[in-house]
Amino acid sequence: MSSCISSAAVSGSAVYSGKQQRRAPSVALAGQMPHHARAVLLSTRPKGSQVSLSSNFVAGRPHARRTACKAKVSMAGDGLKRIIISGAPASGKGTQCEKIKEKFGLAHISAGDLLRAEVAAGTEAGKRAEGFMKAGELVPDEVVITMVKNRLAEDDAQTKGWLLDGYPRSASQAAALKEAGIEPDIFLLLEVPDDILIERVVGRRMDPETGKIYHVKYFPPPPEIEDRLTQRSDDNEEAAKNRLATHARNVNAVVDNYKHIMVTVDGNRDKEAVFSDIIEAL
Ligand code: AP5
């Protein structure tokens with residue numbers, strides 16, 4: 001572990017503005033952590049910089065923050081990374097997961113993808129979930145919790161580590177993870193303003209062959225694959241507004257469970273800049 005880690009244990013969140021890429025102070029976030037977690041803010045503090053050690057949320061949305069720091073997480077004794085990535089609809093979770101998975105070879109477990117697979121297969125769970133998903137509401141716990149727990153128990157997640165995307169989304173889902181003894185090492189929260197999110201949702205296109213995510217304006221697909229691209233049934237403005245409202249209602253309750261290992265990342269930047277901050281944190 002780095003020699004710059006302080007022994008001070010604090011409870012709070014590490015924050016990236018991304019726009020300020022200066023060196024930040026050395027503070028350990030070791031208090032109240034799961035046994036395998038060690039989150040630390042790294043390196044030397046620039047003049048005039050601040051570090052936020054509290055999560056300042058108002059009306060379900062995090063405050064914009066001027067603070068910048070670098071964080072580092074060293075993982076469990078088995079060396080496997082266990083990551084939760086959270087954020088509003090279209091904040092870029094899936095886009096960043098593609099890159100994190102490619103770099104670290106983790107099992108990417110997306111609650112939304114699992115549910116869409118159930119819907120496509122016409123299972124009972126899928127039939128139950130479909131209406132909620134179209135409306136932008138949370139699918140009931142009895143469908144989601146077991147589904148995610150079972151997926152986390154599969155071999156690849158156990159042997160490679162995992163990247164959990166879009167779960168938990170409520171206090172009860174977070175409690176279910178805890179009860180099952182499933183603890184992440186780091187909780188990444190992507191922050192993007194709502195108006196940008198709506199534009200991202202309606203412009204998103206998926207490649208069913210590669211699973212790659214495009215955007216008509218921000219990441220236009222190569223012309224030769226345009227015809228095969230699909231659009232999600234919940235990627236319209238009305239459902240997106242509901243999804244944002246659902247997220248806003250629940251985000252505080254989820255964050256409360258992970259403040260001690262939370263790293264907030266400004267997701268309203270080029271995806272490579274966002275990824276670079278995430279890599280710094282991992
Ligand atoms: P889910 O599939 O998880 O949807 P979501 O949370 O709404 O998130 P998205 O997949 O829409 O967005 P994303 O953050 O992955 O963004 P992306 O990278 O694609 O869930 C769908 C539904 O399933 C829920 O509404 C709910 O009904 C149900 N559900 C899921 N989990 C559940 C749970 N735990 N409990 C109960 N129900 C659950 O990017 C979006 C677009 O932006 C793309 O076009 C991309 O190219 C673009 N983009 C990405 N990054 C950038 C960037 N940096 N700059 C510009 N554009 C960018």
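Read the numbers this way: they start at 1 and go in the same order the structure lists the ligands and their atoms. In this chain, numbering begins with 1 at the start of the sequence shown.
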Response to the item:
So CG of Leu189 and CE of Met262: to nearest 0.5 Å the spacing works out to 5.5 Å

Worksheet item: Is the count of non-hydrogen atoms from other residues, nucleotides or ligands lying under 6.0 Å from Glu142 atom CD greater than 12?
Response: yes

Fill in: N or O contact, Glu137 vs ligand 1, cut-off under 3.5 Å
yes

Item to complete: Would you kindly specify which portion of Arg232 sits under 4.0 Å from ligand 1, judged on non-hydrogen atoms: side chain, backbone, both or neither?
Response: side chain

Worksheet item: Is any side-chain heavy atom of Phe275 less than 4.5 Å from a side-chain heavy atom of Thr95?
Response: no

Worksheet item: To which of Arg116, Glu199, Arg204 does the heavy atom nearest atom 2 (O) of ligand 1 belong?
Response: Arg116

Fill in: Proximal atoms of ligand 1 relative to Tyr214 (non-hydrogen, under 4.0 Å)
43 (C), 44 (O), 46 (O)

Worksheet entry | Atom indices of ligand 1, in the order listed, that fall short of 4.0 Å to a heavy atom of Gly94 | 13 (P), 15 (O), 18 (O)

Discussion item. Please determine whether any non-hydrogen atom of Gly87 lies less than 4.0 Å from an atom of ligand 1.
Written reply: no

Worksheet entry | Ser110 N/O under 3.5 Å from ligand 1 N/O | no

Worksheet item: Looking at ligand 1, does any of its N/O atoms fall within less than 3.5 Å of an N/O of Asp165?
Response: no

Discussion item. Any nitrogen or oxygen of Pro168, side chain or backbone, less than 3.5 Å from one on ligand 1?
Written reply: no

Discussion item. Please determine whether residues Val254 and Ile145 belong to a single hydrophobic cluster, defined as Ile, Leu, Val, Met, Phe, Trp and Tyr linked transitively by side-chain heavy-atom distances below 4.5 Å.
Written reply: yes

Fill in: Residue that, paired with Asp235, satisfies salt bridge (Lys or Arg N to Asp or Glu O under 4.0 Å) out of Arg243, Arg200, Lys134, Arg116
Arg243

Practice prompt. With heavy atoms under 4.0 Å as the rule, classify the contact between Val144 and ligand 1 as side chain, backbone, both or neither.
Written response: side chain

Fill in: Cluster overlap Phe104 with Ile186, hydrophobic side-chain contacts below 4.5 Å
yes

Worksheet item: Taking only heavy atoms of Tyr218, which atoms of ligand 1 are found under 4.0 Å from at least one of them?
Response: 55 (C), 56 (N)

Fill in: Flag side-chain contact, heavy atom, 4.5 Å: Glu199 against Tyr218
yes

Worksheet item: Looking only at N/O atoms, are Thr95 and ligand 1 under 3.5 Å apart anywhere?
Response: yes

Worksheet item: Is the count of non-hydrogen atoms from other residues, nucleotides or ligands lying under 6.0 Å from Glu102 atom CD greater than 12?
Response: no

Discussion item. Just checking Asp270: does its CG atom have more than 12 heavy atoms from other residues, nucleotides or ligands closer to it than 6.0 angstrom?
Written reply: yes

Discussion item. Using a strict threshold of under 4.0 Å (side-chain N to carboxylate O), is an ion pair present between Arg151 and Asp156?
Written reply: yes

Item to complete: Please indicate whether any nitrogen or oxygen in Ala90 is less than 3.5 Å from any nitrogen or oxygen in ligand 1.
Response: yes

Discussion item. Geometry only, no angles: is Gln96 polar-contacting ligand 1 at N/O separations under 3.5 Å?
Written reply: no

Discussion item. Polar contacts were defined as any N/O atom of the residue lying under 3.5 Å from an N/O atom of the ligand; does this apply to Asp235 and ligand 1?
Written reply: no

Worksheet item: Within a reach of under 6.0 Å around NZ of Lys178, are more than 12 heavy atoms found that belong to other residues, nucleotides or ligands?
Response: yes

Worksheet item: How does Leu115 reach ligand 1, by side chain, by backbone, by both or by neither, if only non-hydrogen atoms under 4.0 Å count?
Response: side chain

Worksheet item: Side-chain heavy atoms under 4.5 angstrom apart, residues restricted to Ile, Leu, Val, Met, Phe, Trp, Tyr: same cluster for Ile213 and Ile100?
Response: no

Discussion item. Would Arg269 count as a polar contact of ligand 1, with the cut-off being nitrogen or oxygen pairs under 3.5 Å?
Written reply: yes

Response to the item:
Note: heavy atom closest to atom 13 (P) of ligand 1, options Lys93, Gln231, His215, belongs to Lys93

Discussion item. Considering both backbone and side-chain atoms of Val274, is one of its nitrogen or oxygen atoms within less than 3.5 Å of a nitrogen or oxygen in ligand 1?
Written reply: no

Worksheet item: Given side chains that start at C-beta, do those of Leu164 and Leu177 come closer than 4.5 Å, heavy atoms only?
Response: yes

Worksheet item: Which atoms from ligand 1 have a heavy atom of Gln173 less than 4.0 Å away?
Response: 33 (C), 34 (N), 35 (N), 36 (C)

Worksheet, complete the sentence: heavy-atom search around atom 46 (O) of ligand 1 in the protein gives Phe219 CD1, 3.1 Å

Worksheet, complete the sentence: ligand 1 to Tyr167, heavy atom cutoff 4.0 Å, flagged ligand atoms 34 (N)

Item to complete: Rounded to the nearest 0.5 Å, what's the gap from OG on Ser91 to CD on Glu191? Could you check?
Response: 10.0 Å

Discussion item. Return the closest protein heavy atom for atom 43 (C) of ligand 1 as residue, atom name and distance.
Written reply: Ile213 CG2, 3.5 Å

Worksheet item: Where the closest heavy atom to atom 25 (O) of ligand 1 is concerned, which of Glu272, Arg200, Arg243 has it?
Response: Arg243

Worksheet item: Relative to atom 3 (O) of ligand 1, which among Met133, Arg169, Lys217 owns the nearest non-hydrogen atom?
Response: Arg169

Item to complete: Go through ligand 1 atom by atom and flag the ones less than 4.0 Å from a non-hydrogen atom of Lys271.
Response: 53 (N)

Worksheet item: When you look at NZ of Lys99, are more than 12 heavy atoms from neighbouring residues, nucleotides or ligands closer to it than 6.0 Å?
Response: yes

Discussion item. What protein heavy atom lies closest to atom 37 (N) of ligand 1? Include the residue and the distance to one decimal.
Written reply: Val139 N, 3.0 Å

Discussion item. Salt bridge check, Glu237 against Lys241: does any charged N sit closer than 4.0 Å to a carboxylate O?
Written reply: yes

